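Here the structure is a predicted model, which means the values were calculated and not measured.
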Amino acid sequence: MTGVDVKRFLQKWDDSSKQSRVEILQDFNKKHCNKTAPELDQVLGNCASLFFTRITAWLRLSYMNGSYLDVQLKTLNVFLSASSGQKFLSEFIEVGGILTLLEIIGLPKISEVHKELTLKLLNNIASTGRKYKELVCECYGVRAVCECLGKSQTLGCQEACRLIIINLSNGNPRYLQQLYKAMIILLKSASPEAQRIAAQALQKIQPSLDTASLNIVDPTLMLLSSLHIEVQYEGCVLVRMLIQYQSIRQDILVGLVALLKPSQMELLEQSDVVSAQVPVFIQQAVTAKLIGVLSKEDFDIARNFLELDCITSLLFAMSNEKYADSQKQAGITLQYFIHTFQEVELGVREAIGQSFFFEYMNDPSDFYLKMTSVQIDILKGSKVKIHQSS
């Protein structure tokens with residue numbers, strides 16, 4: 001464009017109705033997507049910044065109702081993602097662009113499709129370098145993204161949240177602790193997808209930190225009670241990683257053993273839930289299996305479980321006739337302890353009786369299918385005494 005053409009173009013923009021502006025932007029996006037910053041300047045007669053400023057001003061004035069966000073965000077992305085477009089990014093930040101984007105993802109009236117576009121734009125800004133990741137965090141970006149994720153109902157928006165969380169956790173040491181604390185809080189979210197993403201993020205963040213926070217233990221163990229298998233899985237992976245930190249190992253072990261015996265309060269609170277979907281029973285079964293996995297991976301951990309009277313708790317889990325998977329997983333894990341520690345074999349045999357013991361050992365994984373009510377009562381009341389071998 002010549003100087004005269006640019007002046008006419010900008011005047012046309014200034015005089016246009018909202019719908020006409022939408023058409024101008026749609027035409028601009030179609031013709032100039034993927035152009036570099038010098039190319040955009042050439043197209044707009046070295047006045048690209050003037051046009052860009054007008055778009056950002058219109059966005060700030062109209063984003064509350066979300067009517068034109070689709071085309072506005074796409075046009076902003078043309079400028080902000082342009083190669084050698086640092087000046088556009090600087091101009092956008094100077095007028096509070098990051099804050100505007102963060103406000104958009106927090107507005108309940110804005111559609112999730114538009115929030116997804118906004119998150120992608122934020123992620124592109126953060127990807128520019130450490131300085132820009134810090135700017136996003138300084139504007140309370142971590143909190144805004146976490147709140148958006150916790151409320152999101154669409155996979156596209158949730159995935160966009162995940163990508164920016166992972167991005168902000170890379171090469172951003174100044175705000176790593178802030179992200180760490182935010183992800184721990186997000187583990188308690190009512191959204192299973194938010195829980196899953198938080199657990200995955202923590203698996204990436206935790207190795208970059210010298211210590212593990214005690215605050216992470218309970219929310220992580222809570223994941224084991226999820227009705228969603230993918231959340232249970234991420235919880236198990238996180239436990240296996242966290243247990244390597246000596247500062248919280250004992251707390252995790254104690255917590256796991258406690259989950260094998262739900263309290264009367266927990267059972268009463270969930271007495272009206274269909275038995276196949278009782279979270280404390282799901283948690284009990286997942287925990288019984290996880291204890292076996294952890295013990296097989298580390299002999300010292302197995303020994304620690306014995307010291308916490310894990311065997312008595314496993315027998316109790318085996319007695320849960322309301323949830324077959326608890327019985328099965330506890331039976332399989334107990335078999336490992338019996339085969340590994342002679343003192344456990346002696347203690348269990350003494351607690352449940354010789355004939356019951358041999359009947360169980362003939363088929364540990366499926367014994368629960370043929371247990372009698374008498375045997376269930378024996379398991380519930382058993383107290384195993386482990387005589388430590390010297």
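- Ring orientation note: the planes of F341 and F337 are close to parallel, at an angle under 30° on the 30°/60° scale.
- Side chains of S49 and E91: a donor on one and an acceptor on the other come within 3.5 Å.
- Side-chain contact between T220 and L202 is absent, with no heavy-atom pair separated by less than 4.5 Å.
- In this structure, K383 and A351 approach most closely via the heavy-atom pair O-CB, 4.1 Å.
- Between R249 and I252, every side-chain heavy-atom pair lies at or beyond the 4.5 Å cut-off.
- Within the structure, every pair that satisfies the salt bridge (charged side-chain N to carboxylate O under 4.0 Å, His left out) test and touches residues 153-182, not counting sequence neighbours, is listed here: E134-R174, E138-R174, E159-R162.
- When each of Y368, F316, Y360, F356 is checked for a side-chain contact (heavy atoms from CB on, under 4.5 Å) with L379, only F356 meets the rule.
- A donor-acceptor contact shorter than 3.5 Å links the side chain of Q284 to the backbone of L260.
- Panel note: side chain K35, backbone A82; no donor-acceptor pair is recorded below 3.5 Å.
- Looking at L80 and F52, their side chains come closer than 4.5 Å, going by heavy atoms from C-beta outward.
- Here the OG1-CG distance, from T287 to L256, works out to 5.5 Å after rounding to the nearest 0.5 Å.
- No close placement of the F92 and F79 rings is indicated, their centers lying 6.0 Å or farther apart.
- When side chains are defined from C-beta on, V237 does not count as touching M241, because their heavy atoms never get closer than 4.5 Å.
- Of all heavy-atom pairs spanning S189 and G150, the tightest one is OG-CA, 4.1 Å.
- Side chains of E234 and Q200: a donor on one and an acceptor on the other come within 3.5 Å.
- Nearest heavy-atom pair, D251 versus S247, reported as atom, atom and distance to 0.1 Å: OD2-O, 3.8 Å.
- One distance of note links OG1 of T118 with CG of L69; it measures 6.0 Å at 0.5 Å rounding.
- Looking only at side-chain heavy atoms (C-beta outward), L253 and F305 come within less than 4.5 Å of each other.
- For the atom pair CD (Q158) and CD (Q153), the distance works out to 7.0 Å, reported to the nearest 0.5 Å.
- Minimum interatomic distance between F88 and A37 (heavy atoms only, all atoms of both residues): CE1-CB, 3.8 Å.
- Screening L186, I197, L179 against C146 for a side-chain contact (heavy atoms from CB on, under 4.5 Å) leaves a single residue, L186.
- The distance from the NZ atom of K261 to the CG atom of N320 is 12.5 Å, given to the nearest 0.5 Å.
- Rounding to the nearest 0.5 Å gives a distance of 11.0 Å between CZ of R54 and OG of S16.
- Minimum heavy-atom separation, S382 to I352: OG-CG2, 3.6 Å.
- Summarising the geometry, atom CZ belonging to R21 is positioned 9.5 Å from atom CD belonging to Q72; distances are rounded to the nearest 0.5 Å.
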